[in-house]
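This report concerns only the one structure given below.
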Amino acid sequence: MPKAKVTFQDIGVSVTVPAGTRLIEVSEKVGAGITYGCREGECCTCLTKVISGGENLAAPSVLEDQVLKDNMAPRGHRLACQAQIIGGEIVVKPA
Amino acid sequence: MPIAAGLTDRAVEIAPGVHWVGALDPHLRSFDIILKTANGTSYNSYVVRGSNGVAVIDTVKENFADDFFRRLESVAQYEEITTIVLNHLEPDHSGALPELLKRAPQARVYLSSRAQMMLKALLKPSGEKPPEYIPVTTDDEVDLGGRTLRFLHTPYLHWPDTQCTYLVEDGLLFTGDVFGCHFCDARLFNDTVGDFRFSFEYYYAHIMRPFREYVLDAIALIEPLVINLIAPAHGPILRHQPRDYVHRYRELATPRLFNEAKSEKTLVVFYISAYGNTRRMAEALAAGAESIGGVRVSLYDLEGGEGGIFTDLVEEADGLAFGSPTINADAVKPIWDLLSSLTTVNVKGKLGAAFGSYGWSGEAVRLIEDRLRGLKLRVPVEGLRIKLVPDASELEACRSLGEQLARHLTGRLEHREIDLAALA
């Protein structure tokens with residue numbers, strides 16, 4: 001299975017993950033500072049800043065896009081409960 | 001004397017051309033489940049008349065709509081209403097909105113950007129087409145003819161949608177729940193209702209305190225204004241020395257340790273111990289954390305106090321460690337008492353950890369960790385469970401846990417590379 005690497009800048013941890021993993025599945029396991037609310041892409045609690053490698057995340061769904069807009073999220077931000085890693089290297093930190 | 005004695009169905013003038021058209025709810029004893037109300041509450045709504053139109057600012061809880069409409073009708077006709085301002089869409093302020101929109105369909109609704117989704121959700125059951133609404137932010141204005149409403153974007157006080165509205169020419173500030181309290185008295189004004197400090201402070205502590213960063217942002221917008229009167233959505237209207245309440249909010253919301261602790265982090269270790277084993281773990285953890293430098297560690301035995309009194313310590317701490325023995329497969333009650341009383345402070349993103357001695361099954365640590373994550377703390381270091389009496393190597397493990405927590409707090413972590421599969 002293709003692998004990817006995601007780095008949580010706030011805790012200095014890089015994790016090798018299978019492609020297709022969502023950020024939420026990794027961040028909780030390593031204790032990164034991203035916090036979660038509804039876990040369903042509605043509350044925007046898990047807003048995450050993508051420092052680099054945003055192109056290595058699957059494009060946001062219509063729902064995620066709408067929630068990001070409604071919450072006035074700056075560019076380069078994603079919902080960790082929705083964002084799926086598709087390959088390469090990504091660096092993130094809590095918004 | 002009945003609380004509502006002397007109050008008629010008519011609106012009450014609070015400034016020339018500005019009326020209170022709210023409702024009193026003197027028999028309410030519990031608000032939103034979490035707040036006690038010794039003499040009930042009020043739902044304050046206001047009407048502002050300009051030469052070109054009339055604005056209604058907020059409404060009331062649905063079952064008090066009749067009171068609201070009677071008072072509104074005493075000072076305005078529905079066809080005169082050009083403007084409806086929604087400072088906060090919680091049902092106790094928007095309950096009469098669907099009916100008001102039917103009676104004044106020509107009115108334009110002004111609300112914050114975040115309130116738009118809530119407005120749609122509120123109007124869903126009515127099946128009505130949403131009214132014309134205009135999202136506004138700080139410095140946006142509505143001209144009522146000789147009178148200007150200017151908006152202040154003050155989110156999270158205490159919902160994402162909240163805003164304040166300033167009547168520029170008169171120096172009147174309509175603040176929604178900010179500066180409000182659950183206090184019911186037909187005399188309406190802060191200089192006539194008697195002492196309501198207990199209610200003002202209680203309301204702040206339970207409603208605004210979790211959002212103190214946003215309180216400070218709002219106060220920064222409010223302080224430069226000329227303020228002759230503050231008209232909140234609950235409780236007395238603040239016409240006597242209104243600025244005192246602004247000062248009090250600033251005082252309550254300002255972090256206590258800011259000046260002394262900006263150069264070091266604060267780790268608070270709470271523990272409780274039946275035979276001294278979890279206490280020894282706590283002491284070793286604290287010693288380990290202090291050895292790293294840049295972290296001030298404090299130890300508190302929960303047996304020496306009751307849950308709620310430690311809330312201040314939690315609010316100011318950067319990191320929190322909780323130590324509990326396991327009794328009957330659970331952490332002990334004083335731990336849960338504390339961990340269930342933290343909704344009044346903001347703990348999101350603080351560092352959390354758990355530890356404890358156990359004799360048999362040792363569930364407490366994992367249960368505490370789950371609760372900490374549920375409270376949105378980050379728990380990057382796995383907790384430590386030690387069977388009965390910690391020996392020298394186990395105390396060393398406690399020291400190491402403290403060191404790791406201190407490194408997290410001070411940003412002195414070594415970069416780690418791991419494989420997700422290893423964490424499963």
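Just so it is clear: chains get the letters A, B, ... in the order the sequence lines come, proteins before strands, and each one is counted from 1. These figures come from a predicted structure and were not determined experimentally.
- Contact annotation for B/Gln116: neither backbone nor side-chain heavy atoms come within less than 4.5 Å of a heavy atom of chain A.
- Heavy-atom distances place both the backbone and the side chain of B/His415 under 4.5 Å from chain A.
- Residues B/Leu420 and A/Lys29 come closest through the heavy atom pair CD1-CD, 4.0 Å.
- Looking at A/Thr7, only its side chain comes within 4.5 Å of chain B, counting heavy atoms on both sides.
- Heavy atoms of B/Ile418 lying under 4.5 Å from chain A belong to its backbone as well as its side chain.
- Around the CD atom of B/Glu213, the shell of radius 6.0 Å holds more than 12 heavy atoms that belong to other residues, nucleotides or ligands.
- For the atom pair OG1 of A/Thr35 and CG of B/Leu377, the computed distance is 9.5 Å after rounding to the nearest 0.5 Å.
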**Message:** Under the criterion side chain to side chain contact (heavy atoms under 4.5 Å, CB included), I'd like the reasoning laid out for A/Val15 against B/Glu417: C-alpha separation, chi angles, the key distance, then a yes or no.
**Reply:** CA-CA 6 Å; A/Val15 192; B/Glu417 301 256 350; over 6 Å; no
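- Note: A/Lys5 leads A/Glu28, A/Lys5, A/Lys3, A/Glu25 in heavy-atom pairs under 4.5 Å with chain B.
- In B/Phe211, the CZ atom is crowded: over 12 heavy atoms of neighbouring residues, nucleotides or ligands sit closer than 6.0 Å.
- The two residues A/Gly31 and B/Pro380 make their nearest non-hydrogen contact at O-CB, 3.3 Å.
- Here the OG1 atom belonging to B/Thr137 is positioned 7.5 Å from the CE atom belonging to A/Met72, to the nearest 0.5 angstrom.
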**Prompt:** Between A/Asp70 and B/Arg114, is a side chain to side chain contact (heavy atoms under 4.5 Å, CB included) present by the stated rule, with each step listed?
**Reply:** CA-CA 7 Å; A/Asp70 288 343; B/Arg114 293 279 182 90; over 6 Å; no
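- Once rounded to the nearest 0.5 Å, the distance linking SG of A/Cys46 with NZ of B/Lys376 reads 10.0 Å.
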